J.: 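Before I ask anything, let me first share the structure, which is written out below as structure tokens.
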Amino acid sequence: MIIRKLTKYDAEDYRQIRLEALYKNPDSFGTTYHEEGIKTIEQFRDRIPVDNNNFILGCSEDKELIGIVAFQQESRIKLRHKAYISSMYVQQEYRGKGIGRLLLNELIERAKAINEVEILLLDIVKSNFLAKQLYLSLGFQIYGIEKMAYKFNNQYFDLELMCLQIK
């Protein structure tokens, strides 16, 4: 297993795994397969950050991208102590093998190396118990609930807001 920061050259693999995530787990993300599926490879390439304070980590096995997680630091001066974790996904056949934990541990270590970042934030669909257990095991705490955050196929989904203080 190799975990590394994705580059613009990874756009096609990133697009493929992102669309897979949206297709196989439509309830877990704030966008839909259809919305992302119409985007060009250039649009996906543009979404891959090139600086150290914003990045997408990928986990590969045999050169195939099998997991991703994104990190974005707030840019405004009063908010630069916060960063967001999003777009976490591990292919179904690789779940339960510690890949999500490896991705998050690498992300947390990289976040600690950024002087301003003190707290990591994420949100998770309340019914996503396995992912929630992973976050809780890494020290994240639930600090709030956003009721009816997503609406998909006439069904509402609540989000739990989670944080991890790293400094």
Side-chain angles (χ1 to χ4, degrees), residues 1-75 82-117 119-125 127-140 150 159-160 162-164 166-167:
M1 304 274 171
I2 296 171
I3 295 181
R4 64 179 178 81
K5 193 166 95 170
L6 299 185
T7 69
K8 302 287 185 187
Y9 297 107
D10 295 305
E12 289 184 29
D13 291 337
Y14 172 61
R15 180 181 189 274
Q16 182 178 335
I17 197 167
R18 176 73 176 151
L19 291 177
E20 177 184 316
L22 296 171
Y23 184 78
K24 291 188 174 181
N25 299 99
D27 301 344
S28 295
F29 300 96
T31 188
T32 67
Y33 176 85
H34 176 72
E35 288 173 302
E36 296 279 299
I38 60 174
K39 293 183 178 175
T40 66
I41 194 67
E42 285 74 28
Q43 288 173 301
F44 274 87
R45 189 172 285 115
D46 290 343
R47 285 176 46 187
I48 298 175
V50 293
D51 63 86
N52 288 328
N53 294 18
N54 300 285
F55 53 84
I56 300 170
L57 293 178
C59 180
S60 299
E61 183 176 76
D62 298 327
K63 298 182 181 178
E64 179 188 348
L65 194 58
I66 60 171
I68 54 172
V69 64
F71 173 92
Q72 181 180 8
Q73 182 184 7
E74 274 282 0
S75 59
K82 298 192 289 187
Y84 298 92
I85 297 173
S86 64
S87 304
M88 177 78 175
Y89 178 74
V90 174
Q91 288 181 329
Q92 205 155 4
E93 58 268 29
Y94 292 97
R95 292 181 189 168
K97 298 181 179 183
I99 292 166
R101 183 175 299 280
L102 288 172
L103 281 164
L104 288 168
N105 281 333
E106 179 68 20
L107 182 145
I108 291 166
E109 288 308 308
R110 288 175 182 247
K112 287 178 179 178
I114 301 171
N115 287 337
E116 302 101 337
V117 176
I119 190 165
L120 299 176
L121 303 167
L122 61 85
D123 55 52
I124 183 170
V125 172
S127 60
N128 191 346
F129 300 111
L130 290 176
K132 187 184 342 181
Q133 284 309 117
L134 172 61
Y135 296 130
L136 290 170
S137 76
L138 290 168
F140 282 84
Y150 296 161
L159 290 180
E160 289 184 322
M162 301 184 83
C163 65
L164 175 67
I166 60 172
K167 290 181 186 147

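None of these values were measured; they are calculated from a predicted model.
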J.: Using a 4.5 Å cut-off on heavy atoms from C-beta on, say whether the side chain of L22 contacts that of Y89.
T.: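 Side chain of Y89 against side chain of L22, heavy atoms only: no contact under 4.5 Å found.
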J.: Could you note down all residue pairs passing side-chain hydrogen bond (donor to acceptor under 3.5 Å, both in side chains) where residues 105-114 supplies at least one of them, sequence neighbours left out?
T.: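 Matches after skipping sequence neighbours: E106-R110.
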J.: So which heavy atom on G58 is nearest to which on L65, and how close?
T.: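 What the structure gives for the nearest pair is CA-CD1, 3.6 Å.
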J.: Enter the distance from L138:CG to L104:CG here, rounded to the nearest 0.5 Å.
T.: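 Reported to 0.5 Å precision, the distance equals 6.0 Å.
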J.: Is it true that, when you exclude L130 itself, more than 12 heavy atoms of the residues, nucleotides or ligands shown sit nearer than 6.0 Å to its CG?
T.: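 Counting other residues, nucleotides and ligands, CG of L130 stays at 12 neighbours or fewer.
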J.: If the condition is side-chain contact (heavy atoms from CB on, under 4.5 Å), which residues does N53 pass it with, not counting sequence neighbours?
T.: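 With neighbours one apart ignored, the set is D51, Q73, R80, I114, E116.
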J.: Does R45 have any side-chain hydrogen bond (donor to acceptor under 3.5 Å, both in side chains) partners at least two apart in sequence or in another chain, and if so, which?
T.: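 Applying side-chain hydrogen bond (donor to acceptor under 3.5 Å, both in side chains) to R45 gives none.
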J.: What is the distance from atom CG of D123 to atom OH of Y84, rounded to the nearest 0.5 Å?
T.: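 Going from CG on D123 over to OH on Y84, the span is 10.0 Å.
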J.: Is the shortest heavy-atom distance from the side chain of F129 to the side chain of K132 under 4.5 Å?
T.: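 Heavy-atom side-chain distance check passes, below 4.5 Å.
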J.: Could you walk me through whether I124 and F140 pass the side-chain contact (heavy atoms from CB on, under 4.5 Å) check?
T.: CA-CA 12 Å; I124 183 170; F140 282 84; over 6 Å; no
J.: Tell me, yes or no, whether the heavy-atom count around Q43 atom CD, taken from other residues, nucleotides or ligands under 6.0 Å, exceeds 12.
T.: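 Enclosed.
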J.: Taking only residues two or more places apart in sequence or in another chain, which ones pass salt bridge (charged side-chain N to carboxylate O under 4.0 Å, His left out) with K97?
T.: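 With neighbours one apart ignored, the set is empty.
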J.: Without swapping roles, check the side chain of R15 against the backbone of G37 for a donor-acceptor pair under 3.5 Å.
T.: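 Side chain of R15 to backbone of G37: a pair is present.
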J.: Answer yes or no: is there a side-chain heavy-atom contact under 4.5 Å between L164 and I108?
T.: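 In short, these two side chains touch, coming nearer than 4.5 Å.
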J.: Would you mind checking if K39 and E36 are paired as a salt bridge, meaning a charged N to carboxylate O distance below 4.0 Å?
T.: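 Looking at E36 and K39, the cut-off is met.
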J.: Considering only heavy atoms from C-beta outward, does the side chain of R18 approach that of S87 to under 4.5 Å?
T.: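 Yes, side chains in contact.
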J.: To the nearest 0.5 Å, how far apart are CG in L57 and CE in M88?
T.: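 Going from CG on L57 over to CE on M88, the span is 9.5 Å.
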J.: List the residues meeting side-chain hydrogen bond (donor to acceptor under 3.5 Å, both in side chains) with E64, not counting sequence neighbours, and say none if there are none.
T.: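 side-chain hydrogen bond (donor to acceptor under 3.5 Å, both in side chains) check on E64 returns nothing, list empty.
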J.: Kindly compute the distance separating CD (E61) from NZ (K63), expressed to the nearest 0.5 Å.
T.: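 Going from CD on E61 over to NZ on K63, the span is 13.5 Å.
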J.: Please round to the nearest 0.5 Å and tell me the distance separating atom CD1 of I68 and atom CD of E20.
T.: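 Between I68 CD1 and E20 CD, I get 9.5 Å after rounding to 0.5 Å.
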J.: Testing the basics here: between F29 and A21, what is the closest heavy-atom pair and its distance to 0.1 Å?
T.: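 Scanning both residues, the minimum pair turns out to be CE1-O, 3.6 Å.
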J.: Tell me every residue that passes side-chain contact (heavy atoms from CB on, under 4.5 Å) with A111, counting only those two or more places apart in sequence or in another chain.
T.: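 Residues passing side-chain contact (heavy atoms from CB on, under 4.5 Å) with A111: F71, V117, L120, I166.
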J.: Measure across S28 and N128 and return the closest heavy-atom pair with its distance rounded to 0.1 Å.
T.: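 Nearest pair, atom of S28 first, then N128: OG-ND2, 3.9 Å.
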J.: Which pair of non-hydrogen atoms, one from L19 and one from Y33, has the smallest distance, and what is that distance?
T.: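 Scanning both residues completely, I find the closest heavy atoms to be O-CD1, 3.3 Å.
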J.: Side chains of L159 and Y150: closer than 4.5 Å at any heavy-atom pair?
T.: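 Heavy-atom side-chain distance check passes, below 4.5 Å.
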J.: Closest heavy-atom contact between R95 and N25?
T.: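 Taking R95 first and N25 second, the nearest heavy atoms are NH2-OD1, 3.1 Å.
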J.: If you round to the nearest 0.5 Å, how far is CD1 of I41 from CD of Q16?
T.: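 Atom-to-atom, Q16:CD and I41:CD1 are 9.5 Å apart.
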J.: If you compare all heavy atoms of D10 against all heavy atoms of K5, which two are closest, and at what distance to 0.1 Å?
T.: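 Reported closest heavy-atom pair: OD2-O, 4.5 Å.
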